[in-house]
Amino acid sequence: LAAISPTANVTRERIPALRGTTVSYLNSGASGPPADYVVKAGREADERFSGPAYLRGVELFGMQGDVAARARAAAADLIGAAPHEVALTQNTSHGMNLAVAGLDWEAGDEVISTTAEHPGGLLPLYELRNRYGVEVKLLEPPITPEKVAEAITSKTRMVALSHVLYTTGEVVPLAEICALARERGVLTLVDGAQSVGNVPVAVRELGADLYAFTGHKWLLGPEGMGAFYVRDGVEVRSTNLGYLSLSDPATFDYEGGGDLWSGARRFEGSTVNPALAAGFAAAAGHAVRRGPGQYEEIRQKAEHFARRLDELTDIEVHSPRPAACGLVSFTVEGLGSAEATRRLFEQGFILRYVPKPQLCVRASVHLFNTVEELDALADAVSRL
Ligand SMILES: Cc1ncc(COP(=O)(O)O)c(C=O)c1O
């Protein structure tokens with residue numbers, strides 16, 4: 001235990017939702033409770049932008065733009081990209097939809113994904129099947145470069161998959177997959193809902209073409225804002241167009257449109273809520289400042305919890321061992337996972353259950369979770 005030395009300053013005390021409670025929150029993979037610095041940044045921006053900012057005339061829009069620029073810059077910094085490679089979105093699913101809708105699909109085209117995707121990743125692909133006759137090929141975990149290589153044909157146009165599988169926390173070997181897809185002329189689209197804030201993400205080193213994530217899970221940001229990375233030069237058209245997609249609004253004319261941003265901002269259509277942008281910027285900015293040690297701390301805490309479960313005879317852990325990230329999924333022999341989740345909730349432990357590889361209880365172990373509460377959770381699981 002002594003090996004888990006806190007590197008990060010997101011302690012339980014910094015999570016307003018948990019103050020004054022004895023609840024253990026282990027569901028950040030579904031929705032992370034905002035940290036105090038996020039709530040503060042959002043409230044301050046809301047104060048300003050619901051009041052005095054309106055007295056600044058047209059400057060209001062520049063002020064809104066500055067907050068959005070801070071959000072883009074923080075998101076870019078966090079994933080090792082340049083700000084112009086990042087568009088603000090609503091969430092992960094929004095980015096996935098923008099990416100998938102941005103290509104001209106034809107009947108017979110193929111996309112490769114996995115059987116462990118969230119609906120936000122898979123439904124846009126099935127829509128391609130329904131609308132255009134695109135074939136959706138799904139790989140079974142564990143996801144390996146070999147399985148992807150074998151599935152690619154001359155018809156494959158995109159590999160669209162999660163970086164971290166939401167079911168088990170398996171971390172997909174993305175760099176190898178992106179490299180082999182690139183070699184074959186296939187685009188890569190990554191669902192980063194469970195990766196950003198949970199494991200290190202450096203998009204350029206990973207070689208992904210398109211990478212979608214959200215602020216409201218592992219980043220402990222507000223609900224309603226995420227980001228979408230678009231590698232420079234990737235030819236995906238924007239279906240979310242508006243005045244903010246124009247690099248220079250003065251180029252707009254009623255006959256021919258206008259000049260779109262060549263970078264990711266072509267995917268940003270219009271006005272965003274400054275309070276959200278400020279909260280998101282604070283969430284991403286703090287994650288940047290915590291540095292790489294935060295991911296090892298998360299992983300070590302998850303590993304500690306998984307080891308505690310290993311000691312229990314009736315519990316099976318379905319996540320990779322040693323733990324690869326903060327997600328730990330398990331089943332209780334003789335007890336359904338929905339019922340196990342319900343009973344744990346009644347004892348003050350908030351978790352969720354996930355559908356694969358079978359219905360599992362899933363714990364999302366984050367920085368603000370203490371070793372003591374993980375031990376208490378393991379004890380509660382042992383009594384189920
Ligand atoms: C892998 C994965 N993709 C997408 C989503 C949906 O995320 P969002 O709410 O950011 O669209 C989730 C949420 O749980 C997820 O786990």
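All residue numbers in this chain count up from 1 along the given sequence. Source: prediction; values computed, not measured. These numbers come from the heavy atoms of this one structure, side chains and all, not from hydrogens, waters or symmetry mates. Both counts, for ligands and for their atoms, begin at 1 and track the order of listing.
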- Query: Can you list the residues that meet the ring pair (Phe, Tyr, Trp, His ring centres under 6.0 Å) rule with Y54, with sequence neighbours excluded?
  - Reply: none
- Task: Verify the distance criterion only: is there a donor paired with an acceptor across the side chains of Y353 and S329 at less than 3.5 Å?
- Result: no
- Does the ring of W105 carry R131 above it, NZ/CZ under 6.0 angstrom from centre and within 45° of its axis? no
- Are S319 and E170 linked by a side-chain donor-acceptor pair shorter than 3.5 Å? no
- Message: Assess, by modelled atom type and distance only, whether the side chains of E373 and N369 contain a donor and an acceptor separated by less than 3.5 Å.
- Response: yes
- Message: Can you tell me how the ring of H366 sits relative to the ring of F368, calling it parallel under 30°, perpendicular over 60° and tilted otherwise?
- Response: parallel
- Measuring from each atom of ligand 1, which residues have a heavy atom under 4.0 Å away? G29, N91, T92, S93, H118, S162, Y166, D191, A193, Q194, T214, H216, K217
